[in-house]
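Lettering of chains follows the sequences in order, A, B, ..., and the numbering in each one begins at 1.
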Amino acid sequence: MKFGVIRFPGTCDDVDAQLAAARVGEAALLWHRDRDLQGVDVVIVPGGFSYGDYLRAGAIARFAPVMESVIEFAHEGGLVLGICNGFQILCECGLLPGALLVNDHLKFVFRQVRLDVVDHNTPFTRNCPPSLSIPVKHTTGRYYSPEPVQVVLRYAPGENPNGSQDDIAGVVNNAGNVFGLMPHPEHAVDALTGSTDGLTIFESLRTAVGERVPVA
Amino acid sequence: MRARVLIRPKAGILDPQGQAVERALPALGFTGVSEVHVGRLVELEVQDESQLPAMCERLLANPLIEEYEIQTGHTAAWGERASEEGTAA
Amino acid sequence: MRARVLIRPKAGILDPQGQAVERALPALGFTGVSEVHVGRLVELEVQDESQLPAMCERLLANPLIEEYEIQTGHTAAWGERASEEGTAA
Amino acid sequence: MGATDAPDGRGRHRELGLTDHEYDLIVDGLGREPGDVELAMLSLMWSEHCAYKHSKKLLRRLPVEGPNVLVGPGENAGAVDVGDNLAIAFKVESHNHPSAVEPFQGAATGVGGILRDIFAVGARPIAVLDSLRFGEPADSPRSRYLLEHAVAGIGHYGNSIGVPTVGGEIYFEPSYEQNCLINAMAVGMAPHERLTSSAAAGVGNLVLLFGALTGRDGIGGASVLASAELTDADDAKRPTVQIGDPFAEKKLMECSLELLDRNLLASLQDLGAAGLTSSASEMASKGGVGLEIDVTKVPLREADMEPFEIMISESQERMLCVVEPHLVDRVLGVCEKWEVLAAVIGEVTDTGLFRVLRDGELVGELPVGLLVDDCPLYDLDPEPPTAALYVGGEQHVATDADPLTTLKALLASANISSRRPVFEQYDPVVQSRTVRRPEQADAAVLALPVLCARSGALDEPIPAIAVSIDGNGRRVAVDPRAGAAEVVYECAANLACTGAEPLGVTNCLNFGNPEKPHVAWQLSEAIDGLAQACRDLGVPVVGGNVSLYNESPDGPILPTPVIGMVGKLPDARAAGRLGFANPGDRIALVGEFHPARDGSEIAKLHGSAPAGALPVKSVAAIRAAHERVREGVRNRDFTSAHDIAEGGILVAIAECCIAGGVGAIINLPDGLDPFGEDLGTAFIVSGPSESLEGLPIIGVVGSRELVVTGRFNVAVSELSALHGQGLSALLSYAR
Ligand SMILES: Nc1ncnc2c1ncn2[C@@H]1O[C@H](COP(=O)(O)OP(=O)(O)O)[C@@H](O)[C@H]1O
Ligand SMILES: [Mg+2]
């Protein structure tokens, strides 16, 4: 299976996401100006500060040429994972409901947080244990949606690092093929850095893709 | 023509920046201030004014969380006006 | 009374946000836009209008790098006005 | 003809900071009076900042050679060999004065500047560290404001550009009230062959400027040269505050590294202080060539800039490179890919002259040597001070308080309490190398191969580096020579706790006005102490920075040499941790520990002035202790290792308990002062008893309490809360 990781000007966690994905499959970087998704099975919109996060996090990146292809890919049922800035971009371009607002304490926060997986019935979480330890790092991570949404991850009680509505840390779209989360699973794939819990999200995707496209 | 777009958080959405300002003011001796909201200002020179609402909807504001107001017709460039209105040099 | 403070980078001070927006607009099909600057908007309810300049100097703006303009006298609350002026729900 | 004969030149050169004597030298060297553009360029190149005129002679005392040194002082950053054909480049630099004016942007652009020095030598930045000094936060809203905004600025830049901020240090003393210190260190990695020099080479090659537009940033002082009469409106056009744009720098960094990977550049240099003038003239000087630059070719942010403004603008996020003419199109192609603006602005000549043109017409012409090398270097007049440099302050803890009360006060004090409210604002993990982040160990540990690339090969060692930054103004004030040496020992001790062996040092010398004899003495003594300690440990100095004139109307800051050290460890998997972990582990003391209270944190809380000196140390004992700890950690004999630093042995033990979330029972050796300090000499280690053979055992890990036999017991959770709240209580929006 093959992952494609998008690189915008200002993306920071692209190589991290690529290397994390490479532990379970092939992984290539996709350039923001190219429309060709190179036949990947999963698109990852990674973390960082695309276009400096100027104006609003994710506001400018959503208009990159590659995003037109990603939107089309998602509408055709392709699997899309948005991490942190990627989550913000997916909300801005309407693939996911809601928006991310500046943290209630107004500061950047890095913290290892505990997450409850509240929906295992998604291609992104089927192999996850009930609880994950994964770092967050962001200034704009307070999830807000006026409509009900399909929540997949919540910050464990008392662990909400940003004032997010109902402790929401990650949501899927109605079709279940687009997932956005603020925590960084690609930074929890090696025991040496503290946790391997994030790997279970990449493994879930491998399982899901394996079921969809029978290996030849 | 010169235009300004004023953008602020929609009513009902927690505005911690506004709250922080509201909390900080009394400590500096400013009293009687309430309902503080912090938003964004975009100033621009446009040829075609009629494009402004679309620009706001598509890029400058996020209609889910923000509301905006367009101001046009202020002729003076900012620098000039600011000196009247009280910028410190 | 309702007041608004419009704050933007002083002339000559680098405005990376304004530059980023200016470069993004043509890609969205909006042409003829120039001199874009991004600043902040502070809306507040004050009892004593005469305090506003001091508030700006001491807290709301950073006079080293920003200039500001105070607007008073717009009576409508934002929510009402915005609906006229075009926010999408 | 001397300066005194030149009535209108005279006022100007003085306003630009040149002495009459220096102006005479310039006129002699040129054989004529300099023009405006030339005077602007010379005044900056002959400033303290660029010419190091009051420190260069002293810096020659530092040991700069060693088997691992690949690049010593003189380039944008020094570099050491870490094996596997990899080089580590690193440097620390100050941004004190800009940060005192505007702390967010000052600190942000400080990080931006030091990162450019790292990728200018061809290394990809892999870590940032910061060293900060402010006035007493409890008494001073201004210090809290500076702290909060400087930290936010550092985080903003480092986080946005995707370089992890992995360590740092913060201390508060009244002497920094008006003059805060913001030092930033960056570390980068490169294959040997990518290390690049800034020496301009190849007559006929083109000079290319790339990155941000050039504006009037930082022209401030030189604006006396503006030809038009200054009106208020013009004044507003001369911003002295530079705004950092990490997004622009991220693109600039990727672009620069790609240009080097593709072998398209003959040389590369960042633009820092004195902008184009300093970068271009230093490139020319190192290459022994001349340069010609046409200011009309420089892309401007404001159209009406004068040639002198373009030449000295300090706009951020710009680089200069020299390119062979046939490669220019390919260079421009890479710049276009990264959306980085680039322009050919000049060429390399064989004249030895720096010529500045405006639309082809000559507006300035100076010998490169005059600009770069001919500034006079001054001898200082060091004289020991007649009064103590540090005299103590307010009393916060009674001198007869019981040990538990004292311990709690120390743990909650601004200088010792947890830095979590600060380091949580920094991303320590981006780039997937960070094996030890803040509060996990005494130094940050970064794996050299990116970790998540490791697929399966779990049994191979993972080479890594450890990095630490340290300084202690109060102790240096007690004894500048011994205090500066102690900082080096402490930094090396931090590395030892992770299992790392030091490879190289960088330093930032933050002092007052060196023209004052007692400041000159502090500087000279500190440099001697630093040099001696580096020789003792066999660690060369590969670079650094000097920041002088850190003064306020109340006098100079405490003498504050800041040391950054990089070391190597053979296997990241064995990297040490500071927290106790296993109940039943024994606790041992390693090293010859001779604690004393002069200049210590407890003396500060008592408000007492130092009466004596810092403890006399045995270099042999320090080396042996460091080696014992390093080897014990590498062999996985120790579960934890922590050096005994500020606050003394009980604070160190409490920190091990807090970090591990577990208690201990301690029998303090008779007569040992529980709160005295002797930095860099001794360690608290824990491990199974068979691993600690030969070491004096002072306790055992276990339970939820810290028990000091015969003195007190206290819940670790209580200590943890005090330690955790100390700093956040002082920060306004801390959660
Ligand atoms: N305290 C010091 N110890 C060793 N080297 C130093 C020290 N201060 C400055 N240097 C060296 O002098 C050179 C010039 O320093 P600096 O002007 O700060 O460089 P840059 O212009 O690249 O920022 C650098 O190579 C630097 O490493
Ligand atoms: Mg440099």
Rounded to the nearest 0.5 Å, what's the gap from CG on L44(B) to CD on E35(C)? Could you check?
-> 10.0 Å
Atom CZ in R58(B), atom CG in L28(C): separation rounded to 0.5 Å?
-> 5.5 Å
A61(B), part contacting chain C, at a heavy-atom distance under 4.5 Å |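 Contact with chain C involves no heavy atom of A61(B) at all.
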Qualifying residue, where the test is side chain to side chain contact (heavy atoms under 4.5 Å, CB included) with L41(C) and the options are R4(B), R8(B), E69(B) | R8(B)
How about Q71(B) and Q71(C): do any of their side-chain heavy atoms sit closer than 4.5 Å?
-> yes
Would you say Q47(B) and T31(C) make side-chain contact, with heavy atoms under 4.5 Å?
-> no
What do the steps show when you test M55(B) against L25(C) for side-chain contact (heavy atoms from CB on, under 4.5 Å), and what is the final call?
-> CA-CA 8 Å; M55(B) 261 182 234; L25(C) 284 166; 3.8 Å; yes
After noting the C-alpha distance and the side-chain angles of E43(B) and V38(C), does the key distance pass the side-chain contact (heavy atoms from CB on, under 4.5 Å) rule?
-> CA-CA 6 Å; E43(B) 277 221 316; V38(C) 176; over 6 Å; no
Counting heavy-atom pairs under 4.5 angstrom with chain B, the leader among L60(C), L59(C), L52(C) is L59(C)
